[in-house]
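All values derive from a computational prediction rather than experimental measurement. Proteins come first, then strands; the chains are lettered A, B, ... in the order of their sequence lines, and each starts at number 1.
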2 protein chains.
Amino acid sequence: MSTVTAESRPYHHGDLSRALVDAARKILETEGPAALSLRAVAREAGVSPAAPYHHFKDKAELLEAVAHEGWHELDLALSAARASTDDARARISNLGVAYVCFARDNPALYRVMYDRSRDKDALPDQLKDDGAYCQVRDTINENSGGHVSDIDLELATIAAWCAGHGLAEMIGFKQFATLKAQLGGEEAFLRAVFEHLGMFAKFTAPKD
Amino acid sequence: MSTVTAESRPYHHGDLSRALVDAARKILETEGPAALSLRAVAREAGVSPAAPYHHFKDKAELLEAVAHEGWHELDLALSAARASTDDARARISNLGVAYVCFARDNPALYRVMYDRSRDKDALPDQLKDDGAYCQVRDTINENSGGHVSDIDLELATIAAWCAGHGLAEMIGFKQFATLKAQLGGEEAFLRAVFEHLGMFAKFTAPKD
DNA sequence: GCGCCAATCTGAACGACGTCAAGATAATCT
DNA sequence: AGATTATCTTGACGTCGTTCAGATTGGCGC
């Protein structure tokens, strides 16, 4: 019998994979992405620098696991935001705010998520299989009353995602500080930016 | 008399700073951002690994110089795009396309530019002092007939910038390949995404 | 219950990295 | 010309990602 509480009960350490991912996330939160070395993760987990190689082929593969958790948590955050609003018109905007707030509250994690994506030149498939991407798409679809073509829906989702990501990466930039203050806080700033996205648009969504 | 052709004619090497930045950019183009080590840059420039420290206090400071050049070239690219269109209505969309195309054509450089910005939590001041940011703002201003408040103009510029940046970071993602093909090419895809940005908007810009 | 096998971990090592200090070299200043 | 100062080299330190040989240990067949 093993003393491990979790369901998978491996050998010496007791689910080292799990411990490594947790250690990585702890380092990310407390010391930032620059301090996230494989050796530091092993140190934090109390194992030798070579131990992780029995669970991940690479440093990249460990980061992939961390990113995977991040995407899942983003998924949860968007679900919560979506459920918390009755007004279909407001949902899409709340989703955007929730997305950016997730990035603001987990900056290191968010960075790992996109660094990994850019290295692979692809977002994780996770997103399309009932993940965060679907939530955005479905919300847009509801908001347009359902009578929008598949291709328009896809394009609108991509557009929303890009705007959200861009804002998420820049939300902490010092240049926006005075504007945030003028508008009465960060969330108000976020909503204001989203509402000014129309200058490119021929196709303006709330057409109904 | 010195045999150096450039105007500034320093000591042993002959403008090593310049040579280092050029070497860095060459490595970026040919081997990608992962291969961009200070030692590799020094090697490429034909000097010892410690030589760069007489011209840049850090690896970060070298990258800053590289990024600075990148922002300037982005500036030129946007100028060209802006000048190439008579129709004020089309200018803003052309600017967006030009922005993303710059990122697509200089992916490693673009990455260095934003990596440095995120490390400093700020875009370079360069942008606001008659740089690329101003071009976007002025173009939006022209496009709105000039009767838009300062704060709305600022917010619209930020919104456009975020959307452009988000799209720039994801334009190469494999998930978009089929959609690009369906729409008849990358540029058509870009325009289509931009035109679908309206779903967030209460304030739709081409109001006149 | 015992021995074997395979999975798991350690220890030491390699090459590459960023950075620094000490010394050599060469351009500039007086 | 001689002193000064900026520039570059050499060598070193600590850290990193990764590999490999060997030690450890749990699970499985007998």
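Comparing D:dT9, C:dC9, D:dC20 by their closest approach to the side chain of B:Ala51 singles out D:dT9. Distance from the side chain of B:Ser48 is smallest for D:dT9 among the nucleotides D:dT9, C:dC9, D:dT19. Closest contact between the side chain of A:Arg43 and the listed nucleotides D:dC16, D:dT9, C:dC9 involves D:dC16. Relative to the side chain of A:Lys59, the nucleotides D:dG17, C:dC20, C:dT19 differ in distance, and D:dG17 lies closest. The side chain of B:Val47 lies closest to D:dT9, out of C:dT10, C:dG18, D:dT9.
Between A:His55 and C:dA7, a side-chain N or O to OP1/OP2 separation shorter than 4.0 Å is absent.
Mapped onto DNA chain C by nearest heavy atom, B:Ala60 and B:His54 fall at different nucleotides, with B:Ala60 at the one closer to the 5' end. When each of A:Gly46 and B:Tyr53 is assigned the nucleotide of DNA chain C bearing its nearest heavy atom, the one mapping closer to the 5' terminus is A:Gly46.
The aromatic ring centres of B:Trp71 and B:Tyr114 sit less than 6.0 Å apart.
Salt bridge A:Asp22/A:Arg25: absent, no basic N to carboxylate O contact under 4.0 Å. A salt bridge does not link B:Glu31 to B:Lys26: none of the charged side-chain nitrogens sits closer than 4.0 Å to a carboxylate oxygen. A salt bridge does not link A:Glu195 with A:Arg191: none of the charged nitrogens is closer than 4.0 Å to a carboxylate oxygen.
With hydrogens and angles ignored, the 3.5 Å screen pairs a side-chain donor or acceptor of A:Asn106 with a backbone N or O of A:Phe102.
In this structure, the salt bridge (charged side-chain N to carboxylate O under 4.0 Å, His left out) partners of A:Lys180, at least two apart in sequence or on a different chain, are A:Glu186.
Here C:dT19 presents its C1' atom at 12 Å from NZ of B:Lys57, a figure rounded to the nearest Å. Remark: C1' of C:dC9 and CG of A:Asp15 are 15 Å apart, rounded to the nearest angstrom. We find that CZ of A:Phe56 is positioned 14 Å from P of D:dG17, with the value rounded to whole Å. Going from atom CG of B:Leu16 over to atom C1' of D:dT7 covers 9 Å, rounded to whole Å.
Residues of residues 28-40 of chain A having a heavy atom closer than 4.0 Å to DNA chain D, listed by number: A:Ser37, A:Leu38, A:Arg39.
A:His72 and A:Gln126 form no side-chain donor-acceptor contact under 3.5 Å, judged by distance and modelled atom types alone.
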